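Counting begins at 1 with the first residue of the sequence. No experiment lies behind these values; they were computed from the predicted model shown.
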Amino acid sequence: MDQNSPKFHFTTTMEKEDYKHYLNFITFRKSKTTWLSLTVIGTILCFFLCSILSLSGLGTIASVWLFSVLLSTSFLLLKINRQVNSLFGVDSIKPEKAFKAEQTVTIYETYLTASNRTKEGKTSVSYEDFNNIYESNQYLFFYFSPGLASLIRKKDIPQEQIIPLTQFLQEKLSKRYHNI
C-alpha cells in the first residue's frame, strides 16, 4: 500500500462527559503518584482522627484509615467534577469552541495527521514519536508526549474500522499500546 494513501480517516469531538472521563483517566490511571498521594493523605488523616478521638484496636484503626482514603478520593473526584462544570457551566467562556470542535484524524502507514477546525494547520506525528496509546471500551487516548494527549471517541470511528484500527495501532506501537 502507498504510504501516502490514508488507511483510516474519521472526525471526532470532545463533549462534557468525554472531558470528565479524560480527566479521571489522567488523574487515576495514568498517574501512579495519585494513588500514593491519596494513601499518604488518608494515613495522615487516620493518624489525626485516631489521636483526637483516642481510638485504638487494629480493626478500628483500619476502618478509620479506609474511611480517610475514601474521603480524600471523594474530595479529588469532587474537584475534577467542579473543574468540568466550570468549563461547561454558564460562567465559562464559549465552551462549545473548546470542546465541541471537530478534530479530523487521518491514519497513514508510518504516521498520523490531526487537524482542528478552530485552529489553523495540521499536526503530523510518526508512530515512532508516540509516547503511548491507551484503549478503553469507549476511547483511545493518544499520548504524543507524557504531557500532551488527545482523546478519540470510539463512537466517532466507523464501526467496521474500530477493530482493524486498533490492530494496526497495536502492531505499530507494540509495548506502547495498552488496553485498560
Side-chain angles (χ1 to χ4, degrees), residues 1-35 76-180:
M1 175 177 260
D2 181 15
Q3 286 187 333
N4 292 328
S5 62
K7 292 182 76 58
F8 304 96
H9 180 81
F10 51 90
T11 300
T12 187
T13 60
M14 185 186 293
E15 295 177 0
K16 182 178 179 177
E17 279 303 306
D18 303 317
Y19 188 64
K20 188 190 297 186
H21 287 287
Y22 176 72
L23 287 178
N24 284 329
F25 173 76
I26 63 173
T27 301
F28 292 105
R29 282 281 195 168
K30 184 80 173 80
S31 178
K32 294 175 177 110
T33 59
T34 301
W35 288 110
L76 183 58
L77 287 170
L78 284 173
K79 182 177 166 86
I80 289 171
N81 282 328
R82 183 182 237 180
Q83 182 178 358
V84 169
N85 288 334
S86 72
L87 288 171
F88 286 92
V90 181
D91 300 335
S92 63
I93 302 170
K94 299 181 183 175
E96 65 280 354
K97 284 193 174 181
F99 295 101
K100 292 197 178 183
E102 291 182 345
Q103 178 182 21
T104 302
V105 178
T106 307
I107 309 281
Y108 296 91
E109 185 65 35
T110 57
Y111 66 97
L112 72 77
T113 62
S115 60
N116 192 321
R117 285 189 182 178
T118 60
K119 295 180 183 177
E120 291 185 29
K122 190 183 285 191
T123 302
S124 294
V125 181
S126 166
Y127 300 118
E128 295 171 0
D129 296 333
F130 263 80
N131 189 282
N132 286 297
I133 292 181
Y134 294 88
E135 178 188 357
S136 73
N137 292 336
Q138 297 176 332
Y139 304 102
L140 290 169
F141 299 92
F142 285 55
Y143 272 84
F144 303 110
S145 70
L148 179 62
S150 182
L151 177 130
I152 308 296
R153 299 186 318 178
K154 282 186 172 179
K155 69 181 181 181
D156 293 336
I157 301 170
Q159 190 67 33
E160 68 277 359
Q161 289 186 4
I162 293 174
I163 292 174
L165 171 65
T166 56
Q167 289 173 343
F168 173 78
L169 292 171
Q170 285 175 350
E171 179 186 306
K172 290 294 180 183
L173 278 85
S174 63
K175 292 182 180 179
R176 294 173 292 147
Y177 190 97
H178 311 279
N179 285 306
I180 54 171

Just so I know, are the side chains of Q138 and K155 near enough to count as touching, which here means a heavy-atom distance under 4.5 Å? no
Taking the side chain as every heavy atom from C-beta outward, state whether N179 and T166 have any pair of such atoms under 4.5 Å apart. no
Taken to the nearest 0.5 Å, the spacing of F8 CZ from Q161 CD works out to 6.0 Å
Would you call the rings of Y139 and F141 parallel, tilted or perpendicular, where under 30° means parallel and over 60° means perpendicular? tilted
Can the ring centroids of Y143 and F130 be said to lie less than 6.0 angstrom from one another? no
Counting C-beta onward and ignoring hydrogens, is there a side-chain heavy-atom pair between I152 and F10 closer than 4.5 Å? yes
Note: E109-K172 ion pair, threshold 4.0 Å (strictly below): yes
So, do T113 and V105 sit near enough that their side-chain heavy atoms are less than 4.5 Å apart? no
The reported gap from OG1 in T12 to CG in D18 (rounded to nearest 0.5 angstrom) is 7.5 Å
Interatomic distance, Q167 atom CD to I162 atom CD1 [nearest 0.5 angstrom]: 12.0 Å
Please check: side-chain N/O of K154 versus main-chain N/O of S136, any donor-acceptor pairing under 3.5 Å? yes
More than 12 non-hydrogen atoms from neighbouring residues, nucleotides or ligands closer than 6.0 Å to CG on L78, yes or no? yes
Taking the six-membered ring for Trp, are F168 and Y127 ring centroids under 6.0 Å apart? yes
Here's a test for you: under side-chain hydrogen bond (donor to acceptor under 3.5 Å, both in side chains), which of Q103, E102, R153 qualifies with T13? R153
Could you give the distance from CD (E15) to CG (L151), rounded to the nearest 0.5 Å? 11.0 Å
Looking at NE2 of H9 and CD1 of I157, how far apart are the two atoms once the value is rounded to the nearest 0.5 Å? 12.0 Å
With a 4.5 Å limit on heavy-atom distance, are the side chains of L76 and T34 in contact? yes
Compare all side-chain heavy atoms of N132 with those of Y177 and state whether any distance is below 4.5 angstrom. no
Closest heavy-atom pair and its distance - F144, S150: CE1-CB, 3.7 Å
Under the 3.5 angstrom rule, does the side chain of S174 hit a backbone N or O of E171 as a donor-acceptor pair? no
Given side chains that start at C-beta, do those of L112 and Y108 come closer than 4.5 Å, heavy atoms only? no
Between the CG atom in L165 and the CD atom in E160, the distance rounded to the nearest 0.5 Å is 11.5 Å
